[in-house]
Amino acid sequence: MELGEVQALSGRVLDEVEKAVIGKRDALELVFLGFLADGHVLLEDYPGLAKTLAARSFAVALSMDFARIQFTPDLMPSDVTGSSIWNQRDSDFEFRPGPVFTNLLLADEINRAPPKTQAALLEAMQERQATIEGITHRFEPPFLVIATQNPIEFEGTYPLPEAQLDRFLLRTAFGYPSRDGEVDVLTRRIERASDEVELRPVIDRATLIAMQRATESVHVAVSVREYCVDIVAATRTSQSAAVGASPRGSLALLKLSRCRAALQSRDFVLPDDVKAIAVPALAHRLVLRPELWVQKITAEDVVGEVLESVPTPPAEDASPAPS
C-alpha cells in the first residue's frame, strides 16, 4: 500500500468517527495514530466526554470485533481472559474465551479493578495472547486496547502500576467541547431524532493491517533517531522526574512519528512530528517527585520542558538522500 492511500483511508476513517465524536479531530487523530502504530491507548478524562463512544465508533469504522469490560472491584482475572467450564454432555472441560478475545477491547474505568485483575491484561497487551491453565491462546490480529480512567475520582480505585502504564503507546484526553461544538452536538441530536449515531464501516481489518505495514516504509534519519533518544534520556535526568521514560518511550516516539508522517502522505519523519506526539507518548511513563504535587507540576509540563531543552536537529537532515 502506498503512503498516499494510507492518508486517504485515514481521512475517511476519521471523517466517519467524527460524525459521532464531534469537534475533537486532533484527539481522534491521536487515537488513530495509536492504532496505525499497532499500540494501545489510554484515555484519561472526565465522565461523559465520549470515551466509550469513540471506541465503539472506531470499531464500526474499522470493521473490528468489539468487546467492553466494565472494570469493578469484584472483577476476577477469569472474567477478562475466560476459563474452562465443565461440559456434562462431553464429560470434559470446555474453554470459554473471555471478552479479551476480540479485535478492539474497551477496558472501561480500568483503575477500578484490583491489581490481580489488571495484571490479567498485561500478557494480552504485550504478547497478544492469553495463557490460561497452562495453555497459550493467540489472538487474531489486530488486537488493540482502549482503556479509560477518571483523572479526579480516586475513591475505590487502584492506580495502574508503572509496568502497565508503560504498555500503553500513548495517553490522551478529549476534553470539553467548545461552545460551538456543543451546540453542534445538540443540533445533530435533534436532526437524527435518536440517541444512537449510525456509522458505516470504512475499511476492514486486513486493510488496517496493510496500513500498519505501509508505515514501516517511512524513512527516519539518524539525526531524528538520535533526537528521539535524547528526548527520552532527558526525562531520566530531569530534576522533576524520579523515574524517566524507558526504551519503550523511544520506540513510541519512533512509531507514532512515522504514522504521523504517513497521515500527511510524507515518506520521512520531521523533528516536528516527534515534537507533536512527545507529550502523549511520554508523559504517562514518568514518575514525578512527590513534592511537585504541591507545586501542581504535571508530567506534561516536564515533557514540555524537555522539548525546550533538547536541541532540535535541522529539518533538512530528515529527508532521505536522493537515490
* Step by step, would you call Thr187 with Asp184 a side chain to side chain donor-acceptor pair (under 3.5 Å)? -> CA-CA 5 Å; Thr187 302; Asp184 195 15; 5.1 Å; no

* Mutual orientation of the aromatic rings belonging to His40 and Phe168 [parallel < 30°, tilted 30-60°, perpendicular > 60°] -> perpendicular

* Over all atoms of both residues, closest heavy-atom pair of Ala299 and Leu286 -> O-CD1, 4.1 Å

* To do: Could you verify whether a donor N or O on one side chain and an acceptor N or O on the other, from Ser178 and Asp180, lie under 3.5 Å apart?
  => no

* Does any donor atom in the side chain of Gln129 or Glu123 lie under 3.5 Å from an acceptor atom in the other side chain? -> yes

* To do: For the pair Glu300 and Arg171, find out whether any cationic side-chain nitrogen is under 4.0 Å from an anionic carboxylate oxygen.
  => yes

* Would you mind checking if Lys19 and Glu198 are paired as a salt bridge, meaning a charged N to carboxylate O distance below 4.0 Å? => no

* Asked: Of the non-hydrogen atoms in Leu254 and Cys228, which two are nearest, and what is the gap between them?
  -> N-SG, 4.5 Å

* Which atoms form the tightest heavy-atom contact between Met1 and Val6, and what is the distance? -> SD-CG2, 3.7 Å

* Structure fact -> Note: Leu14 and Phe32 closest approach over all heavy atoms is CD2-CB, 4.0 Å

* Test side chain to side chain contact (heavy atoms under 4.5 Å, CB included) on Arg285 and Asp166 and set out the steps. => CA-CA 6 Å; Arg285 305 176 194 273; Asp166 209 27; 2.8 Å; yes

* Structure fact -> What one should report as the nearest heavy-atom pair of Ala107 and Leu121 is CB-CD1, 4.2 Å

* Asked: Around atom CD of Glu291, are there more than 12 heavy atoms of other residues, nucleotides or ligands at under 6.0 Å?
  -> yes

* Looking only at non-hydrogen atoms, find the nearest pair between Tyr227 and Pro271 and report the distance. => CE2-O, 3.9 Å

* Asp45/Lys51 ion pair, N-O < 4.0 Å -> no

* To do: Would you indicate whether Arg188, at its atom CZ, is surrounded by more than 12 heavy atoms from other residues, nucleotides or ligands within a distance under 6.0 Å?
  => yes

